[in-house]
*Asks:* 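Once you've had a glance at the structure underneath, I'll fire off some questions.
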2 protein chains.
Amino acid sequence: MSKPERTYSISDFAQEFDTTTRAIRFYESEGLLAPARDGQKRIYTHADYVKLKLIMRGKRLGWTLAESRELIEMYDPSGNQAQYKRVLEKIAESRERMQHQLHEIEQAMMELDAQEKRVKAAMKKQLK
Amino acid sequence: MSKPERTYSISDFAQEFDTTTRAIRFYESEGLLAPARDGQKRIYTHADYVKLKLIMRGKRLGWTLAESRELIEMYDPSGNQAQYKRVLEKIAESRERMQHQLHEIEQAMMELDAQEKRVKAAMKKQLK
DNA sequence: AACCAAGTTGACGTTTACGTCAACGTAACT
DNA sequence: AGTTACGTTGACGTAAACGTCAACTTGGTT
């Protein structure tokens with residue numbers, strides 16, 4: 001009695017994520033996605049949706065596809081105790097990387113604020 | 001009576017920023033740097049140091065060299081009122097982009113936290 | 001003088017992440 | 001049956017960001 005999950009076509013995904021079918025197939029060829037098939041057609045589920053969302057966000061944050069693939073693999077369960085431990089380690093590594101990025105962006109924004117003040121001051125001075 | 005500023009060679013920079021001389025020359029060819037010359041040798045100053053630092057950080061945040069070049073240009077004064085206004089607009093644009101990145105990283109980190117909890121719970125369950 | 005370290009300018013090669021055809025399959029209308 | 005829309009798998013092309021030589025210069029060192 002499980003509700004029939006919503007599915008998506010490859011062009012549904014392309015529109016939804018403002019990308020191309022070519023790119024989506026490429027991610028699959030690189031092992032980031034593995035959609036079901038209806039004949040030869042790809043059928044995407046909500047799980048694929050989540051993964052692609054992660055991929056696209058990763059792109060905007062400058063992550064490589066290899067890094068996003070690592071992250072995706074962390075979100076797969078599949079494990080004994082040793083595997084779980086490895087996942088926890090990878091999570092810790094990822095957290096450090098993200099923390100570092102976070103810090104660098106905050107830094108960049110502060111410098112931007114400072115520069116804005118300088119420019120505004122220069123404008124006032126020039127108007128006197 | 002201005003103090004003689006410290007200068008750097010291209011390999012000084014390569015070491016300092018953990019990159020290569022080739023990359024640094026490439027940034028120059030792309031218009032991101034414009035060091036002075038002593039004969040044919042490049043002489044870098046603190047201003048160049050700041051710019052390269054910005055470039056490298058940009059790389060870690062997934063910015064293109066074109067984007068970093070735009071940022072660098074914002075940090076050059078050189079302007080009448082119209083130019084200043086344009087710079088302020090660009091600063092506003094950059095701030096929005098950075099804010100968006102900031103938000104997405106925070107999001108990613110929260111998901112990482114959630115996943116960590118799930119994995120730890122799965123480990124405990126397995127041990128019972 | 002000979003040599004070595006560090007620098008220079010081409011020029012071509014490479015990796016990542018797709019774009020762009022071409023040639024074909026298939027389901028749904030008309 | 002014919003067309004249209006959407007999908008498929010190759011295969012080759014491309015932009016960004018350098019890597020990797022090759023051939024040369026230049027300033028000290030033995």
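By convention in this document, chain letters (A, B, ...) are assigned in the order of the sequence lines, proteins followed by strands, and residues within each chain are numbered from 1.
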*Asks:* Taking atom CD as the centre, does A/Glu96 end up with more than 12 heavy-atom neighbours from other residues, nucleotides or ligands that are less than 6.0 angstrom away?
*Replies:*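 Atom CD in A/Glu96 is not packed in, count stays at 12 or less.
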
*Asks:* Applying salt bridge (Lys or Arg N to Asp or Glu O under 4.0 Å), can you list everything that pairs with B/Glu67, at least two apart in sequence or on another chain?
*Replies:*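 Only B/Arg97 meet the salt bridge (Lys or Arg N to Asp or Glu O under 4.0 Å) criterion with B/Glu67.
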
*Asks:* Keeping A/Gln115 on the side-chain end and B/Met74 on the backbone end, is there a donor-acceptor pair under 3.5 Å?
*Replies:*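 Yes.
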
*Asks:* Using whole Å, what does the distance between atom P of nucleotide D/dC6 and atom OH of A/Tyr8 come to?
*Replies:*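 From A/Tyr8 OH to D/dC6 P: 19 Å.
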
*Asks:* Listing request: all salt bridge (charged side-chain N to carboxylate O under 4.0 Å, His left out) pairs with a residue in residues 39-49 of chain A, at least two apart in sequence or in separate chains.
*Replies:*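 Counting only pairs at least two positions apart or across chains, the salt bridge (charged side-chain N to carboxylate O under 4.0 Å, His left out) contacts touching residues 39-49 of chain A are A/Glu28-A/Arg42.
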
*Asks:* Quick check on D/dC6: is either OP1 or OP2 less than 4.0 Å from any side-chain nitrogen or oxygen of A/Ser9?
*Replies:*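 Checking A/Ser9 against D/dC6: no side-chain N or O falls below 4.0 Å of OP1 or OP2.
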
*Asks:* Please figure out whether B/Asp12 or B/Arg22 has its closest DNA chain C nucleotide nearer the 5' end.
*Replies:*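 Upstream on the strand: B/Asp12.
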
*Asks:* Could you list the donor-acceptor pairs under 3.5 angstrom formed by side chains in residues 50-57 of chain B, with sequence neighbours left out?
*Replies:*
unit_1: B/Arg57; atom_1: NH1; unit_2: A/Glu111; atom_2: OE2; d: 3.1
unit_1: B/Arg57; atom_1: NH2; unit_2: A/Glu111; atom_2: OE1; d: 3.0

*Asks:* Who pairs with B/Arg60 by salt bridge (Lys or Arg N to Asp or Glu O under 4.0 Å), at least two apart in sequence or on another chain?
*Replies:*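 For B/Arg60, the residues satisfying salt bridge (Lys or Arg N to Asp or Glu O under 4.0 Å) (neighbours in sequence not counted) are A/Glu104.
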
*Asks:* In residues 27-56 of chain A, which ones come under 4.0 Å of DNA chain C, going by heavy atoms?
*Replies:*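 Contacts with DNA chain C under 4.0 Å: A/Tyr27.
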
*Asks:* Please name all residues satisfying salt bridge (Lys or Arg N to Asp or Glu O under 4.0 Å) with B/Lys120, sequence neighbours left out, ordered by chain then number.
*Replies:*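 Scan of B/Lys120 (salt bridge (Lys or Arg N to Asp or Glu O under 4.0 Å), adjacent residues dropped) gives B/Glu116.
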
*Asks:* What is the first contacted nucleotide of DNA chain C and what is the last, in 5' to 3' order, if contact means an atom lying under 4.0 angstrom from a heavy atom of chain A?
*Replies:*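 Contact boundaries, 5' end first: C/dA17 to C/dT20.
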
*Asks:* Quick one: ring-ring contact (aromatic ring centres under 6.0 Å, His included) pairs with a partner in residues 15-45 of chain A, sequence neighbours left out?
*Replies:*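 Matches after skipping sequence neighbours: A/Phe13-A/Phe17, A/Phe13-A/Tyr44, A/Phe17-A/Tyr49.
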
*Asks:* Applying salt bridge (charged side-chain N to carboxylate O under 4.0 Å, His left out) as the test, list every pair that has at least one member in residues 12-24 of chain B; sequence neighbours left out.
*Replies:*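 For residues 12-24 of chain B: none.
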
*Asks:* CD1 of B/Ile10 versus P of D/dT26: gap in Å, rounded?
*Replies:*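 To the nearest whole Å, that distance equals 18 Å.
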
*Asks:* What pairs with A/Gln99 under side chain to side chain donor-acceptor pair (under 3.5 Å), at least two apart in sequence or on another chain?
*Replies:*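 Partners of A/Gln99 under the side chain to side chain donor-acceptor pair (under 3.5 Å) test: none.
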
*Asks:* Under 4.0 angstrom, heavy atoms only, what part of the nucleic acid is A/Thr21 near: base, sugar-phosphate, or nothing?
*Replies:*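 Since no nucleic acid heavy atom lies under 4.0 Å of A/Thr21, the category is nothing.
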
*Asks:* Please list all pairs passing the salt bridge (charged side-chain N to carboxylate O under 4.0 Å, His left out) test where one or both residues lie in residues 68-81 of chain B, with sequence neighbours left out.
*Replies:*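 Pairs touching residues 68-81 of chain B that pass the test: B/Glu70-B/Lys90.
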
*Asks:* In residues 62-69 of chain A, what residues come within less than 4.0 Å of DNA chain D, judged by heavy atoms?
*Replies:*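 Nucleic-acid contacts, sorted: none.
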
